[in-house]
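Keep in mind that this is a model prediction, so the values were computed, not measured. Just so you know, ligand 1 is whichever comes first in the structure, and atom 1 is the first atom listed for that ligand.
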Amino acid sequence: MKVDGKQMRPIWFDKDTETVQVIDQRFLPHQLIIRELTHVDEVIEAIQEMVVRGAPLIGATGALGVYVILVQEGNQGMDDAWFSRQCDRLKNARPTAANLCWGVNRVQAKVLEQTSHDPRVQAALNEALAIIEEEADNCKKIGVHGRVLIQEIAGRNPGKPVNILTHCNAGWLACIEYGTATAPIYTAHDAGIPIHVWVDETRPLNQGARLTAWELGKHGIAHTVITDNAGGHLMQHGRVDLVIVGTDRTTRAGDVANKIGTYLKALAARDNDIPFYVALPGSTFDWDITDGIRDIPIENRDPDEIRYVQGWHNDEITQVRITPEDSPAANHAFDVTPARLVTGFITEKGVCDASESAITALYADRFKTDV
Ligand code: MRU
């Protein structure tokens, strides 16, 4: 996607320096800082500290992280036990997004097909770059399928903008291109459909206020940042036509883990008869589980992310404490929305109901090849 006229992705492989480069999302929207990742410890830190974040991007970073393992200084890439330990460390960097293990596993398997070092490095790079291109293409397709839903709403209300509410950042910064939740928004906007987006600020790290608002603004899409608790009120007053969110892990039965607060939006949407869609690529489905509340690992993050808030003041990024000095805080980073509250999924393969039969029918080819 374009930032001030320049084509950008949140992660890329620089052919000249042969290094992995990422946008450091902690500093957006105030500063656009690029970081280079040359050691698996840096890749793990980048995932944990949320230099990179969002399920598909975490998957892509893990994939390129396997390449980094094989080229970092002092690597023991031909020692399979060492290599597998480093891959495990990568997979454990954050627990909730399904894409991380998926991306690392895919590249790890390709590496182990090779029996000497240079072909291993090449196999890792090729597979990681293939994943990145596939995920970009998946997001593009999600945009095409999701646009139809927006177009239907626009057709029922000629001349009026379609009001879409989204939570967290499931935009191109969280993916590679287009985003998941934002892909239908970008595609509809580019097709001339008038759109306005309600952007949940998404405490505690404000991915909505910082990242989604920045992305939408750069693309010229009308949007308004709201507090996390405003969505229900707006829905009661007819000011939301559609909710679209992303997801970090979705069970094969359709339970959806996403940024904390998503479940409350789904409840409010159901109470107000507003469609609640979840946009995701196949890499975010966890095919092994059906009960999301019981089985999806929910990350607990540093309570200081709640106790302190970060912003831009006097030309620099500053943190201020907002709680009493000794008040404890609990930072549950994700919640699970049960499938019964989800109207449907927007995927690269099309739109389907939130049920095991509909999801597995849509991905039937996967089951044919795997069995
Ligand atoms: O903690 P984060 O910022 O990694 O959480 C991201 C989200 O919850 C996104 O909504 C989700 O990954 C979908 S991204 C396409």
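If you check each of Gly59, Ala174, Pro281 against atom 14 (S) of ligand 1, the one with the closest non-hydrogen atom is Ala174. The residue among Lys259, Arg301, Arg53, Glu299 with a heavy atom at the shortest distance from atom 1 (O) of ligand 1 is Lys259.
Annotation: side chain of Lys259 is in contact with side chain of Phe334 (closest heavy-atom distance under 4.5 Å).
Within ligand 1, the atoms closer than 4.0 Å to a non-hydrogen atom of Pro56 are 14 (S), 15 (C), numbered from 1 in the order shown. Listed by atom number, the atoms of ligand 1 under 4.0 Å from Met50 heavy atoms are 1 (O), 2 (P), 3 (O). In the vicinity of Gln207, heavy-atom distances shorter than 4.0 Å reach the ligand 1 atoms 1 (O), 2 (P), 3 (O). Counting atoms of ligand 1 from 1 in the listed order, those under 4.0 Å from a heavy atom of Ala55 are 12 (O), 14 (S). With ligand atoms numbered from 1 in the order given, ligand 1 contributes 1 (O), 2 (P), 4 (O) to contacts under 4.0 Å with heavy atoms of Arg94.
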Exercise. Checking ring-ring contact (aromatic ring centres under 6.0 Å, His included) for the pair His223/His196: CA distance, chi angles, key distance, verdict?
Worked result: CA-CA 5 Å; His223 62 280; His196 168 261; 7.9 Å; no
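Heavy atoms of Cys175 approach ligand 1 to within less than 4.0 angstrom. Distances shorter than 4.0 angstrom occur between a heavy atom of Asn169 and an atom of ligand 1.
At least one donor-acceptor pair under 3.5 Å links the side chain of Asn75 to the backbone N or O of Gly77. Judged by distance alone, with hydrogens and angles left aside, the side-chain atoms of Arg203 form a donor-acceptor pair with the main-chain N or O of Ile306 at under 3.5 Å. Of the possible polar contacts, none joining the Arg53 side chain to the Ile47 backbone as a donor-acceptor pair under 3.5 Å is found. With hydrogens and angles disregarded, no donor-acceptor distance shorter than 3.5 Å links the side chain of Glu348 to the backbone of Asp137. Put simply, the side chain of Asp273 never gets that close to the backbone of Ala269: no donor and acceptor are under 3.5 Å apart.
Relative orientation of the Phe345 and Phe285 rings is perpendicular, given thresholds of 30° and 60° on the angle between their planes.
In Cys168, the part holding a heavy atom less than 4.0 Å from any atom of ligand 1 is the side chain. Only backbone heavy atoms of Thr247 (N, CA, C or O) come within less than 4.0 Å of ligand 1; its side chain stays farther off.
Looking at Phe334 next to ligand 1, no N or O pair under 3.5 Å apart turns up. Between Asn258 and ligand 1, a contact under 3.5 Å exists for at least one N or O pair.
Separation of atoms CG (Asp295) and CZ (Arg249) is listed at 10.0 Å; rounding is to 0.5 Å.
Among all non-hydrogen protein atoms, the one lying nearest atom 15 (C) of ligand 1 is Thr180 OG1, 3.0 Å. Looking only at heavy atoms of the protein, atom 8 (O) of ligand 1 is closest to Asp248 OD1, 2.8 Å.
Between Ile11 and the choices Ile23, Ile132, Leu37, the side chain to side chain contact (heavy atoms under 4.5 Å, CB included) rule is met once, by Ile132.
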